[in-house]
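Please read the structure below before turning to the comments.
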Amino acid sequence: QLQLVESGGGLVQPGGSLRLSCAASGTLDNYGIGWFRQAPGKEREGVSCISKNDGSTYYADSVKGRFTISRDNVKKMMYLQMNSLYPEDTAVYYCAAAHPQTTAKALCITPRGMDYWGTGTPVIVSS
């Protein structure tokens, strides 16, 4: 059972940056991974994912050019660098991992397909 723990969330002003981290209890080599978010009253959505198949990445249109996903398999970590934050980025952010060998986009557009989830870290973008 893979365990995931997020950190790095907090309050930031519009235009600011945050780096989210996700520590895994085991190696991430065999998983597709991703970051998801859920704003109040909204469904959970995929923000960015990395495919296990070929290492390709996917970004939701709303974060493209502002967010960067990365992984460090040696340290058993994944990261989400978030720049130029908007108030609409306010949400609880979750890291997740999945067994299925599929594309990064498929991972992100089907959150229920992820097998392991962290408990989330809140990000509030407000002045």
Look at the side-chain heavy atoms of Ile, Leu, Val, Met, Phe, Trp and Tyr, link any pair under 4.5 Å apart, and say whether Val47 and Ile33 land in one connected group.
yes
Taking NZ, NE, NH1 and NH2 as the nitrogens, is one of them in Lys52 or Asp29 under 4.0 Å from a carboxylate oxygen of the other?
no
If you define the side chain from C-beta out and look only at heavy atoms, does anything of Thr121 sit under 4.5 Å from Leu20?
yes
Got Trp35 and Cys22 here, is their nearest side-chain heavy-atom distance under 4.5 Å?
yes
Any side-chain heavy atom of Ser48 within less than 4.5 Å of one from Tyr59?
yes
Quickly, which of Asp89, Val12, Thr68, Val123 forms a side-chain contact (heavy atoms from CB on, under 4.5 Å) with Met82? Name it, please.
Val123
In this structure, are over 12 heavy atoms from other groups packed under 6.0 Å from Glu88 atom CD?
yes
Tyr31 ring centre to Arg71 NZ or CZ under 6.0 Å, with the angle to the axis within 45°?
no
Do the side chains of Leu80 and Tyr116 join up, straight or via other hydrophobic residues, at under 4.5 Å, putting them in one cluster?
yes
Ignoring hydrogens, what is the shortest heavy-atom contact between Met78 and Cys95? Give both atom names and the distance.
SD-CB, 3.8 Å
Closest non-hydrogen atoms of Ala24 and Leu2, given as atom of the first, atom of the second and distance, are CB-CD1, 4.2 Å
With heavy-atom distances below 4.5 Å as the criterion, would you say the side chains of Ser126 and Leu11 are in contact?
yes
Between Tyr93 and Trp117, is there shared hydrophobic-cluster membership here, with clusters defined by ILVMFWY side-chain heavy atoms closer than 4.5 Å?
no
Would you indicate whether the side-chain heavy atoms of Tyr79 and Ile69 approach each other to under 4.5 Å?
no
Shortest non-hydrogen contact between Ser17 and Gln81, atoms and distance:
CB-NE2, 4.0 Å
Do the numbers put Arg37 on top of the ring of Tyr94, so that NZ or CZ is under 6.0 Å from the six-membered ring centre and no more than 45° off the axis?
no
